[in-house]
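Order of the sequence lines sets the chain letters (A, B, ...), proteins ahead of strands, with each chain counted from 1. Note that these values count all heavy atoms, side chains included, but never hydrogens, waters or copies made by symmetry. Bear in mind the structure is a predicted one, so any value in this text is a computation, not a measurement.
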Amino acid sequence: MQALLTMLLLSVIVFGLSRLSGDPVNLMAPMEASAEDIERIRASLGLDKPLIVQYWYFVTNALQGDFGRSIKWDRSAAEMLIERFPATLWLSLASMLLGLALALPVGIYSAVKRDTWFDSAGKIVALLGQSMPTFWFGILLILFFSLWFGLLPTSGYGLDEHIILPTVTLGLFVAAAIMRVTRSAMLDALEADYVRTARAKGVPEWRVIMVHALKNGAIPILTITALQAATILRGAVVTETVFAWPGVGKIAIDAVYGRDFPLVQASVLFMGVIFLVVNFVVDMLYVLLDPRISYIKR
Amino acid sequence: MKFEQMNARPRAALLALAGLGLALAATTLPAQAQPKGSVLVATSVLSQNGDPTATISTADYMMAELVFDGLLNLNEKGKVPGLAESWVISPDGKQIDFKLRKNVKFHNGDDFSAEDVKFTFERILAPDSTHSYRRGFQDSIERVDVVDPHTARFILKNPWPAFFTTARYALAHIVPKKYYEQVGAKAFKEKPVGTGPFKLVDKKAGEWSKFEANTGYWGRVPKVQFVTERLVAEPFTRYAMIEKGEADIASGLTGALLEKVRTNKDLRVIMSPYTGTSGILFNKKEFPQAEDRRVRLAVAHAINRKAISENILGGVCEPATSIISPGTFGYLEGVPLIPYDPAKAKALLKEAGVKPDTKVPFVYHTQAFAALPGAPQVLEAVAGNLEAVGLTIERKSVDTDAWMSMMRGHKAYGIFYAPSGTPDDGGELINTWFALNSAWTPHSVQRPEYDALFKQQQQLADPEGRKKLLQKFVKMEQENLEMVPFLWCSTPYAIGKRVKSWQPAMGSGYYLSLSNLELND
């Protein structure tokens with residue numbers, strides 16, 4: 001129910017914002033097109049109707065799975081997104097895996113080795129990762145790995161190696177945030193009474209860290225990871241553009257610049273659904289991790 | 001026990017996890033150049049509209065140029081006879097007989113005939129036509145008759161000399177009547193069939209289009225086998241693709257990236273000449289002082305066009321002497337450039353009584369587009385130049401959409417940039433910027449003599465006489481200076497080392513003329 005309300009609200013916002021942002025016909029028609037020609041194109045797209053009518057069409061059609069046709073590409077917006085989703089999913093998963101693979105060990109080790117050179121280095125890396133704009137980092141990666149060392153293709157999709165640079169771009173970005181949260185969650189956990197108890201009863205240190213402390217520190221880590229899923233979708237918009245990666249993010253940004261309303265609406269709602277699903281899965285995982293959390297009313 | 005004292009197994013697992021990321025990043029594989037005979041164009045703009053009778057913008061020529069032919073075609077030499085071998089214009093200018101090329105076949109094997117010409121123009125003129133330039137055709141064409149299979153007769157409402165000099169008319173691409181009617185407009189758009197030098201093989205919306213050479217082409221058969229146009233939005237990525245040899249042609253590079261191409265011995269910059277022209281115009285309602293010619297002349301002296309074209313645009317543009325460029329029908333040679341002279345500009349403003357703190361709204365375009373390369377840097381430089389002579393410039397930021405609606409609503413701010421992306425005919429430029437009710441300006445140019453000249457040249461069937469009239473306009477405008485001439489621009493392409501020779505078409509930023517491209521391999 002809540003999710004449905006969220007989606008409805010999102011649909012209003014997206015619809016309203018995209019209409020506020022301008023007029024696709026201005027961009028489509030050539031400079032020399034006459035005023036009547038422009039009106040004619042507008043009418044052919046249904047953009048001459050009152051906003052509330054347009055919104056009604058949009059919602060009723062969307063409920064039937066019809067998100068309209070992309071103005072620019074003259075294809076079903078839903079079809080275009082479904083076609084592109086695998087590319088985004090693949091990139092997001094790879095980035096998240098890379099992010100976790102970097103963030104968890106470094107974050108945990110930083111907590112264990114608090115205030116050492118390793119911890120400081122981790123801090124610097126995290127700061128860099130968080131503050132470097134993804135498009136700039138992506139361009140640097142192309143410059144180093146494609147042009148200077150000639151190891152990897154600059155951009156594109158289809159071959160295995162195409163995914164490496166965009167994954168590193170997005171992966172390092174999410175790693176930075178997860179790394180910092182992991183460190184502080186682990187610091188808290190390592191100072192807790194049950195850790196002292198565990199150590200006192202002779203549990204091996206690796207078990208203390210990886211089982212006793214990590215399991216208790218897992219909730220904030222999971223929360224930030226879920227938040228980073230949203231960051232990945234956001235970052236994908238830029239990263240996919242830089243690497244010409246044919247995903248949902250790239251088509252969304254093209255659509256925004258082209259005032260391609262149906263495609264903007266469809267892609268934002270699509271991302272909204274993904275985000276809601278991720279949140280739902282995380283909520284469920286909370287239950288598994290912490291028995292005190294329950295969604296069943298007693 | 002601390003981390004160092006951990007058991008080997010979990011510690012190894014931790015390290016392996018961290019190593020995974022590095023391993024991912026370190027995988028080395030060589031990037032692929034295009035296979036033999038194939039060309040990859042990394043493009044900043046991609047149009048995939050396969051129906052030339054429903055042309056939305058000139059960008060649609062990207063696909064149409066490859067797949068179709070017009071009665072006239074555009075190549076590196078300019079407009080040349082295409083499907084029409086020759087034509088005869090009646091003495092009153094109201095009838096044109098086009099002699100059509102024989103033995104021309106569409107990609108599906110159907111013969112090309114005058115019926116297809118008639119069908120194409122009727123589609124453009126149809127009441128439900130979505131062709132953006134429909135109005136221009138409607139104003140002039142009464143009907144098209146089929147005299148015999150190889151002769152099409154245009155019955156005109158009035159003489160239409162601009163047909164032959166204006167790309168959007170002359171190059172109207174011919175579609176096959178039979179196939180089009182058989183599959184319908186929607187399917188045709190997806191799987192277009194033409195007579196052109198390339199066939200559309202496949203496309204992915206918003207990503208790429210792939211074409212194959214038409215080996216049975218009646219004209220110059222392409223020397224390459226396949227052409228792929230891939231949309232790559234980020235300029236640096238397009239540059240990187242060229243440098244690495246992944247792409248053979250990259251469009252839409254300016255400034256520092258174009259300079260990097262120039263200084264790289266393996267790469268070259270090739271220009272499609274005179275694809276844009278521009279001037280600076282005034283909205284006299286917002287900036288009434290511009291009624292005074294001295295103020296307009298001051299603006300002309302204040303702008304350092306040479307520095308802008310060389311330093312910001314990397315030589316893609318050159319200082320203009322008039323809105324009618326050397327690539328435009330009606331160009332007049334020998335018009336002097338108004339020199340950069342800020343001291344004189346200051347003196348002129350003082351003379352005209354413009355106070356130093358006068359606020360002037362100025363259109364500041366935040367996006368670059370075909371007819372405005374290098375914006376917003378170019379406009380920032382102009383604003384700076386104007387500030388240097390004492391005007392207080394209020395920058396009004398607009399993106400392309402807002403800019404278009406501002407221009408179309410006749411609401412341009414005090415000083416604004418007036419560009420044209422298809423400057424092929426002087427008459428059309430006068431219509432756009434100088435006629436009394438021009439579509440684009442805030443009607444600040446109120447000169448009946450310009451309007452009279454525009455109407456006179458519109459009816460004049462004799463090309464030489466028409467050219468003289470347009471040149472007369474250039475001279476008049478040189479005196480009046482309603483518009484400050486700004487820049488003439490070309491469209492640059494970066495090309496990689498696989499390309500042996502290539503010359504894009506003249507006067508259109510979207511006509512690549514790829515049939516003359518030759519590869520080294």
Side-chain angles (χ1 to χ4, degrees), chain A residues 21-23 26-38 40-41 44 70 72-75 80 98 101-102 104-106 108-109 112-113 135 139 142-143 146-147 150-156 159-161 164 167-168 171 204-206 209-210 241-244 246 250-251 253-254 259, chain B residues 1-3 5-7 10-11 14-15 17-18 20-21 24-32 42 48-49 56-58 130 132-136 168 189 204-207 230-234 236-237 240-241 243-244 246 367 371 399-402 404-405 407-408 420-422 428 432 439-440:
Chain A
S21 70
D23 183 350
N26 266 326
L27 293 169
M28 288 168 70
M31 281 167 61
E32 303 85 349
S34 67
E36 336 159 15
D37 287 335
I38 288 168
R40 209 160 31 85
I41 300 175
S44 73
S70 156
K72 175 127 190 239
W73 307 108
D74 194 22
R75 287 208 43 209
M80 285 186 80
L98 177 67
L102 286 175
L104 291 182
V106 176
I108 294 169
Y109 195 54
V112 174
K113 292 261 136 197
F135 78 88
I139 283 176
I142 295 179
L143 189 64
S146 301
L147 297 185
L151 299 177
L152 293 164
T154 58
S155 59
L159 301 174
D160 288 345
E161 60 265 32
I164 297 170
T167 300
V168 174
E205 182 68 10
W206 70 266
I209 296 170
M210 299 305 288
T241 303
V242 170
F243 292 99
K250 179 167 176 281
I251 204 79
I253 195 96
D254 289 349
R259 308 291 195 269
Chain B
M1 191 168 74
K2 294 289 157 108
F3 185 79
Q5 298 153 333
M6 277 179 167
N7 284 349
R11 199 174 151 186
L14 266 186
L15 290 174
L17 210 57
L20 180 76
L24 248 175
T27 320
T28 65
L29 281 161
Q32 292 225 286
Q48 297 177 309
N49 180 1
I56 299 286
S57 77
T58 44
T130 51
S132 295
Y133 301 119
R134 187 183 63 144
R135 181 67 191 279
R168 57 183 184 266
K189 206 171 186 176
K204 192 152 185 212
E207 280 177 48
R230 182 183 293 276
L231 179 64
V232 181
E234 170 59 41
F236 180 82
T237 312
M241 287 173 80
E243 190 189 317
K244 194 142 191 299
E246 291 173 4
Q367 281 175 302
D399 71 352
T400 300
D401 173 33
M404 289 274 194
S405 65
M407 297 300 268
R408 288 198 171 115
S420 173
T422 35
E428 296 294 333
T432 306
W440 276 63

Pairwise distance [atom1]([X]) to [atom2]([Y]) - rounded to 0.5 angstrom:
X: B/K204; Y: A/M80; atom1: NZ; atom2: CE; answer: 9.0 Å
X: B/M241; Y: A/I142; atom1: CE; atom2: CD1; answer: 9.5 Å
X: B/T237; Y: A/F135; atom1: OG1; atom2: CZ; answer: 11.5 Å

Grab the two heavy atoms, one from A/K250 and one from B/G206, that are nearest each other, plus how far apart they are. NZ-O, 3.8 Å
Over all heavy atoms of both residues, which pair between A/G150 and B/K244 is shortest? Give the atoms and the distance, please. CA-CE, 3.9 Å
Are any non-hydrogen side-chain atoms of [X] and [Y] less than 4.5 angstrom apart?
X: B/F236; Y: A/V242; value: no
X: B/L231; Y: A/D254; value: yes
X: A/I251; Y: B/E207; value: no

Greatest number of non-hydrogen atom pairs under 4.5 angstrom with chain B, of A/S70, A/A244, A/S155, falls to A/S155
Where on B/D399 is there a heavy atom nearer than 4.5 Å to chain A: the side chain, the backbone, both, or neither? side chain
Does one side chain, of B/E246 or A/T154, offer a donor that lies under 3.5 Å from an acceptor on the other? yes
So, the part of A/I253 with a heavy atom under 4.5 Å from chain B: the answer is neither
